[in-house]
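Indexing begins at 1, ligand by ligand and atom by atom, following the structure's order. Heads up: numbering here begins at 1 and tracks the sequence.
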Amino acid sequence: MLAKTGGLYRVSCGGNVLEATLRGRFRQRGRDRVLVGDRVILGQHPDGGATIEEVATRSSVLKRCKPGRHKGVRQVAANIDQVIVVGAACAPDWNNHLMDRFIAVAAANGLSVTVVINKCDLCDTADDLALPYRSAGYPVVLTSIPNAQELTELGSRLEGRVSLLTGPSGVGKSSLLNALQPGLRLRTSEVGEKSGGGRHTTVAAEMYPFGAKGFVVDTPGLSDIGLWGLDPREVAGAFPDLGRFASECRFDDCRHLEEPNCAVIAAVGSGQLAASRLESYRHLLEEAIEAARPWQ
Ligand code: GDP
Ligand code: ZN
């Protein structure tokens, strides 16, 4: 299922896109009964239109935690295979904290992450920037739009999979997708013209066919990463590189803040772990604790 507008669901079917409605018994269920990315079984309504009869078991569900007073979890998209977190080597400057946030949210959702460093034509810092992420075990792909051959690796990573591209704005996400697949018209450029309801109506995810068998999911909601509350208990798990050292910490529940004999802090001291990764972790942990506080 590619996108939902009102009661209509756009479904990709053998290379075509058709519109379907929900079969009656689905309407009774909860709010998130059919998600963008769901694989569905179609049937035919007596009047000839297509209906969604069945939803296949999901391999993953991307969730958004709503912090604050109206806490809760909203399911955003299903069956995403990977999250591509895009940053720019410069223009705008690389922002460790922002990048680590996007990566942590994806990791907390149990999704595999690839880091892309774009605009490599503008400066030669990309290899240094890549280092902490490569050590953390994330694949890092360097790209630049002017050098078409540098796009092939990213292109082959997108092929045949369902990918979500995210990252700070202005780093070249739309440019990358357009360069890889001219004609892909991402909805982000048109501001809710049909709905007329302003920006909040575009928070829903939308999926686009990409290449022969791939799909790209566009979630404007994820670009506003502030909305993506992480449970404080999830934060450490979203930093696998810290986790490698954490088992050596003196305390089992060490939060790597000021505890004595913290192996993570020691790893930064000995150069085995980038200081920026520990800083990002602490920053996110603070934010998560703050967001988890009951509203007063
Ligand atoms: P988005 O907000 O992440 O989708 O970023 P855009 O795709 O809109 O790109 C922002 C600006 O950066 C545009 O002016 C692009 O032309 C430019 N840009 C994107 N990728 C590259 C690149 O690899 N090299 C250079 N020099 N400019 C780029
Ligand atoms: Zn520790």
Protein contact of [atom] - nearest heavy atom, named by residue and atom, plus distance:
atom: atom 10 (C) of ligand 1; answer: G170 O, 3.5 Å
atom: atom 18 (N) of ligand 1; answer: K119 CE, 3.7 Å
atom: atom 4 (O) of ligand 1; answer: S174 OG, 2.4 Å

If you count every protein N, O or S atom closer than 2.8 Å to the Zn ion (ligand 2), you should arrive at 4
Answer whether the closest heavy-atom distance between the side chains of L2 and V36 falls below 4.5 Å. no
Going by the side chain to side chain contact (heavy atoms under 4.5 Å, CB included) test, name the single residue among V86, V116, D218 that passes it with K173. V86
Test H256 against F251 for side-chain contact (heavy atoms from CB on, under 4.5 Å), laying out the working first. CA-CA 10 Å; H256 327 306; F251 300 109; over 6 Å; no
Is the closest side-chain donor-acceptor distance between Y133 and N96 under 3.5 Å? yes
Is there a donor-acceptor contact under 3.5 Å linking the side chains of H97 and N95?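 N95 and H97 do not have a side-chain donor-acceptor pair below 3.5 Å.
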Decide whether an N or O pair under 3.5 Å exists between [X] and ligand 1.
X: P146; value: no
X: T143; value: no
X: I145; value: yes

Number the atoms of ligand 1 from 1 as they appear, then name those within less than 4.0 Å of a heavy atom of [X], with their elements.
X: S169; result: 2 (O)
X: L122; result: 26 (N)
X: D121; result: 22 (C), 23 (O), 24 (N), 25 (C), 26 (N)
X: V171; result: 3 (O), 5 (O)
X: S175; result: 6 (P), 7 (O), 9 (O), 15 (C), 19 (C)

Can you hop from L257 to L278 via hydrophobic side chains spaced under 4.5 Å? yes
Single-linkage hydrophobic cluster, 4.5 Å side-chain cutoff, I41 and V11 together: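 Each belongs to a different hydrophobic cluster.
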Could you go through I52 and Y9, starting from their C-alpha distance and side-chain angles, then the distance that decides it, and tell me whether this counts as side-chain contact (heavy atoms from CB on, under 4.5 Å)? CA-CA 9 Å; I52 293 179; Y9 295 76; 3.8 Å; yes
D252, CG atom: more than 12 neighbouring heavy atoms under 6.0 Å: no
Closer than 4.0 Å: a protein non-hydrogen atom to atom 2 (O) of ligand 1: yes
Any Lys/Arg nitrogen of R23 or E53 sitting under 4.0 Å from an Asp/Glu carboxylate oxygen of the other?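 Here R23 pairs with E53 in a salt bridge, since their nearest N and O are under 4.0 Å apart.
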Lys/Arg N to Asp/Glu carboxylate O, E206 vs K4, below 4.0 Å: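 Salt bridge between E206 and K4, a charged N being under 4.0 Å from a carboxylate O: no.
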Enumerate, atom names and distances included, each donor-acceptor pair closer than 3.5 Å involving a side-chain atom of residues 135-158, sequence neighbours excluded.
from	atom 1	to	atom 2	distance (Å)
S135	OG	L131	O	2.8
T143	OG1	N118	OD1	2.9
S144	OG	N147	ND2	3.1
S144	OG	E150	OE1	3.4
N147	ND2	E150	OE2	3.4
T152	OG1	Q149	O	2.9
E153	OE2	R157	NE	3.4
S156	OG	T152	O	3.3
S156	OG	E153	O	3.0

